[in-house]
Every structure is written in structure tokens, then in C-alpha cells.
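Just so it is clear, the structure is predicted and the values come from calculations on it, not from any experiment. Lettering follows sequence order; numbering is per chain, from 1.
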Amino acid sequence: MNERSEDTTREASFVGATFRRYGPELQHYLLRRLPRAQDAEDVIQEVFMRLLRIKDSTLVRDPRAYIYGIALHVVREFRIRAERTGTWLTFDPESIRSLAEHPAALSPDELPDHLDMQRQIERALQKLPPLHMTIFVLHKRDGYSYEEIAGKLGLSVHTVDKYLVQAKAWIRALHWDR
Amino acid sequence: MKPMNEDDVRIATEAARWQHALARGGVTERAQFCAWVKISPRHLQEFLLMEALDAASEGIDPQRRIDTTAGVGTADNIVPLVESDQMRSAPSSTRGNRRIYAAAAAIAVIAVVALAIGSQVSWDGWRQYTTAIGEQRALELNDGSVVQLNTKSRIAVRLNVRERELRLLEGEALFKAAPDATRPFRVFTGLAFVRAVGTQFNISLRSGGETVVTVLEGRVHVEPHPLLHSPHPDGEMLEAGESLRIDSEGAMKREATDMAQAAAWRQRRLVFREETLASIAAEFNRYNRSPQIVVEGNEARNARYGGTFDADDPESLVQFVQTKGRLSVEHKDDRIVIRLQRPAITHSAE
């Protein structure tokens, strides 16, 4: 803490707060946009450029929140720009508010996308080797920890971790490669 | 989005690995992650996609149709894996295959206890068949293979164009694999993979955690599960008339086989040769819901006997036990309790 400059501390805590406040919104945004829209690629490109400006990565206390924080700024800027030019699809402010307050709840507009993605994941799961599928489902659907899964299946925690990584990469490959 | 190539898969794998590392790691991991993400926008994109995938995964399968037992079953029932070469190959049309799995229909033949227990198609293409206590069934798979399922047994079947996969999850079954050189017929038990082409064999999962494979016709190859680190990692080839016992450590032992014994259960006869009274009782209890046989006391449980019994008649065991002077039998409600006659003098028994 004391090594960190005041600015960075402020920045980090800002990002943390931002993430807590807008994390779910952003996730749903990414969920909706990333697989297809050119906009998303632009957002990514911009976020990436800004990430490159971080000089000392060790100062980033929570990289995930940091990325979300930056992405959030970028998304906002894109939105403002788009509102001016009228070319970019915007969020419905009402659904953003309800999402921020009830992260689990999805707006009626987003629900189909979300369900579609879930279905795609479920379909991809069918193509996984049984053990990968089982570990993924036990973890994601049933909420078991790595340790619990390891105990249940007689595997090491390391193996469970490895299979989960493989399962995700596999789902990712099957999901968008059709 | 463009199709994924090897490089994409590698980045996706790394992204997933970073998610896990971030969740558990410290300063070093965080710095390394930042460095990784700064290598290319693709890295960032894959990471965000993985995050989105995680977010969507939380709500999958709300009706809980995905069966996590057909694939893996119990703790010691681990399935083999097809590693990443499949991951790289394009997932082409397996839609047709799925229809074939779904068509793996059964014909129920012997349903002694007419309970409404049928097969259950699990969501991922595995079809499960179960028999209740006392029930036996024969299933004909759509490749012509026949599986006879003994009492209180459970099997999962998945047939596709490349292979015929079966998992014996509980109990005992006799397999008659239809010849088909293009599609191996493989049965997975918790401890071993049994591979056969055009043959007849019996697999029994014993209560003590052992698997016994007996070949009645043809040849089968039995390979212990790699995670067992068995002293016989390459497995053993079994000829007709041979039998192999695999214990939970992966040790494999050939045994003299009584061919009649291996398949006697189909006539609902139980044949025991020097088995413990505990396992004899357990076997009877697999056939009969009531009365249940209870053996009390370690010495009585570990006493070994042999004989042939009618599986549906626990009283035949009672009569047998009564000829052995040391044991007493008591009927309690719907239980038959067997114990040593005079526990006070157990030290004088053998």
C-alpha cells in the first residue's frame, strides 16, 4: 500500500468501485456484443491501447476490475459518440438501472441473448469428453469448489483445474466455430 | 466470427488459465497477466470472452437435465479422455450421430418384477438403463449387441459411428458384442476399460470395490484406468474361459473360471465359491427387496462358504446356514439376521 502512489491508489479504488457498480452491466454488454459486432472489436482495440499505457503492472491490484474499468470508460465514450452520430446501438437506460440494482435480473431485451448463449454452451458441452463435461457442470451449475469436485471424482485439485481450463477453451472453440 | 484455428484455441486456453490464476494468484500472477494481456488485442478479447462465457455458464441447465452420473458415475468411476486432437479438429456435423445415439432403443425382455423402470435418455446422448431389486432385463442395442442386465444394476450406453461406449455403473451385466471391426465395443467400469470385438463376456462390480471380468466367448482386452497407476498399465488379454479380478489399487489377478458360475445369474441362480457370508448376503439382497439378510459380527461376516442357491429364495440360504452349527438365524420383521451362535466363545472358533 505505502509503495503505491496516491494517484494509483485513487485510480485502483475508483476502478474497484466502478467494477462493483457496473461490472454486471458490462458483462452483459460484452455478452451481447462481443461475439458479433464490429463495435465490440473497436471497443477491444481501444481498451487494449489504453492498457498498454499502464507502465507498472505490479501496481494494478485487481487486473480484472482494471480491465472492466477501462472498458467501461471506452464503452461510455463510444456510446456518447454514437448518440451524437446516431449510428451506435445504445443501452436502454431503464434496463441498465435495473441491472445495476439487481445484477441477476436481465432485461426482457437481453434475456433471449442470454438464453441463446446458455443454449450454445449446453450444446458445446455435449461434445466434450464426459469427464470435462462433468467437471464443468459440477462447478458451474452445481457450484462445487475445485476441492469438492476433486474429492467427489477422486482427482487432484490440479487435475480439476486443468480440465476446467480445457473445457472452457473447448466450449469457446465450439461456441463460435460453427 | 472467423473459425478458430490452433492459435485461437491456444489463446482461449491461456485466457481460461489466467482467469483461474487471477482468482488464486498473488502479485506475480497479476503482473504476468497484465503482461500477457498487453501482448495482443486478441488476448484481451479472448479474456473478455471467457469472462462472458463464465457469466453465462452460471445459469446453464436450469432444469438439471445434464446427467453428471452417466459420464462419471461414482467417485471411482473415472472415464477415459480423448485429448486435444479432437479439440483441434473442426466440430463438423455430429448432428447425424446424435440421431443414431438417440435411436439406441431397447427391447425389454425379462422383467421379473414389473416395475415401471425404463431407460432414460440423458441430455448428452447417454442412455441409461436400470434394473430394480429382483429385476433382470435384456437389452438389444441397435448394432445387434445384447446386454443382459442383472438385478439392481445400472448401465449407460452411447453408440455412434465411431465407437460403442458402455459404462457399467452398478451391479453386473453380460455383454454379447456384435462383430463390427470399425467400431470398438468398449465397456468402462470405474477401474478398467474392457474392449471386445465379437465376443461374450461378463462384468461384475463387487461390493468390496473390485471388478471381475469373465470371458465366455472370443477375447477381450482389459486395461486398468491410468489414474490407478496399476502395475499392469498395458492391461491383459483374456481368452474364453478366463477371468480377471481388478482391485481398487489396479492390481489384476487371473482366476480360474467356472463358466457356469459366470453366467448362472441369468437363471437366477447364485453360485458362490468360498465367498464371505457378508458378500453372499449382499448378493441375495441385490435380488430381494424383502426379506433383507443382515449378518452381524465381523467373524460371521468374514466366514467363507460355497454353494448354489436360488436367488429368489433367501430361505434357501437360511436352510444352508442352519446346517452350519456355528450360526444362528433370527427372523425380525422383514429381516433375516445371521450371527454366530454363541458370541461368548468366539475365541475358540477357527
Side-chain angles (χ1 to χ4, degrees), chain A residues 24 27-28 30-31 34-36 40-41 44-45 47-48 51-52 54 57-58 60-64 66-67 71 114 117-118 121-122 124-127 129-134 136-138 140-142 151-155 161 163-178, chain B residues 1-4 8-10 12-13 15-17 19-20 22 27 30-35 37-38 40-41 44-61 64 66 68 70-72 75-76 78-84 86-87 90-91 94 98 123-126 227:
Chain A
Q27 284 211 359
H28 287 302
L30 294 168
L31 198 69
L34 284 183
R36 40 175 192 262
E41 299 211 350
I44 299 277
Q45 196 61 43
V47 173
F48 180 71
L51 280 173
L52 287 183
I54 311 171
S57 296
T58 55
V60 179
R61 215 176 40 186
D62 184 346
R64 187 179 273 154
Y66 200 88
I67 288 172
H114 190 72
M117 183 146 172
Q118 288 182 350
I121 292 172
E122 287 167 6
L125 277 174
Q126 296 182 37
K127 295 174 186 162
L131 191 55
H132 285 80
M133 185 277 284
T134 299
F136 187 88
V137 170
L138 286 175
K140 295 295 183 188
R141 183 193 70 186
D142 302 342
K152 242 174 132 63
L153 301 181
L155 303 167
D161 183 68
Y163 282 11
L164 261 177
V165 165
Q166 287 175 352
K168 282 188 191 175
W170 205 325
I171 291 169
R172 163 72 182 92
L174 293 167
H175 185 156
W176 284 289
D177 173 22
R178 271 162 299 166
Chain B
M1 194 158 266
K2 300 164 281 288
M4 288 189 77
D8 295 306
V9 174
R10 179 182 54 77
T13 307
R17 207 172 281 141
Q19 284 184 305
H20 292 203
L22 283 181
V27 185
R30 294 200 295 266
Q32 284 169 348
F33 167 72
C34 288
V37 100
K38 284 197 230 168
S40 146
L44 174 65
Q45 179 172 11
E46 282 302 323
F47 178 74
L48 290 172
L49 280 170
M50 279 296 168
E51 291 278 291
L53 188 104
D54 262 359
S57 304
E58 304 298 334
I60 54 163
D61 189 31
R64 306 180 75 78
I66 302 174
T68 51
V72 171
D76 56 359
I78 295 157
V79 299
L81 297 172
V82 188
E83 285 289 352
S84 54
Q86 269 200 9
M87 193 153 160
T94 44
R98 196 141 294 115
W123 160 95
D124 56 347
W126 285 94
L227 291 181

Select one option (side chain, backbone, both, neither) describing which atoms of B:Gln19 are under 4.5 Å from chain A's heavy atoms.
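For B:Gln19, backbone and side chain are both near chain A.
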Measuring heavy-atom distances to chain A, does B:Leu22 have an atom under 4.5 Å in its side chain, in its backbone, in both, or in neither?
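Side chain of B:Leu22 only, per the 4.5 Å heavy-atom cut-off to chain A.
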Would you mind checking if B:Arg17 and A:Asp161 are paired as a salt bridge, meaning a charged N to carboxylate O distance below 4.0 Å?
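No.
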Looking only at heavy atoms and a cut-off of under 4.5 Å, which of A:Val137, A:Leu164, A:Leu52, A:Leu138 has the most pairs with chain B?
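Going by pairs under 4.5 Å, I would pick A:Leu52.
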Less than 4.5 Å apart, side chain to side chain, heavy atoms only: is that true for A:Leu155 and A:Leu131?
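Result yes, sub-4.5 Å side-chain heavy-atom pair found.
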Side chain to side chain contact (heavy atoms under 4.5 Å, CB included) against A:Ala167, all qualifying residues, sequence neighbours excluded:
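Checked A:Ala167 against side chain to side chain contact (heavy atoms under 4.5 Å, CB included); matches are A:Leu128, A:His132, A:Phe136.
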With chain A, the option among B:Pro41, B:Ala16, B:Ser57 that has the most non-hydrogen atom pairs under 4.5 Å is B:Pro41
Partner residues of B:Phe33 under the ring-ring contact (aromatic ring centres under 6.0 Å, His included) criterion, sequence neighbours left out:
B:Trp18, B:Phe47
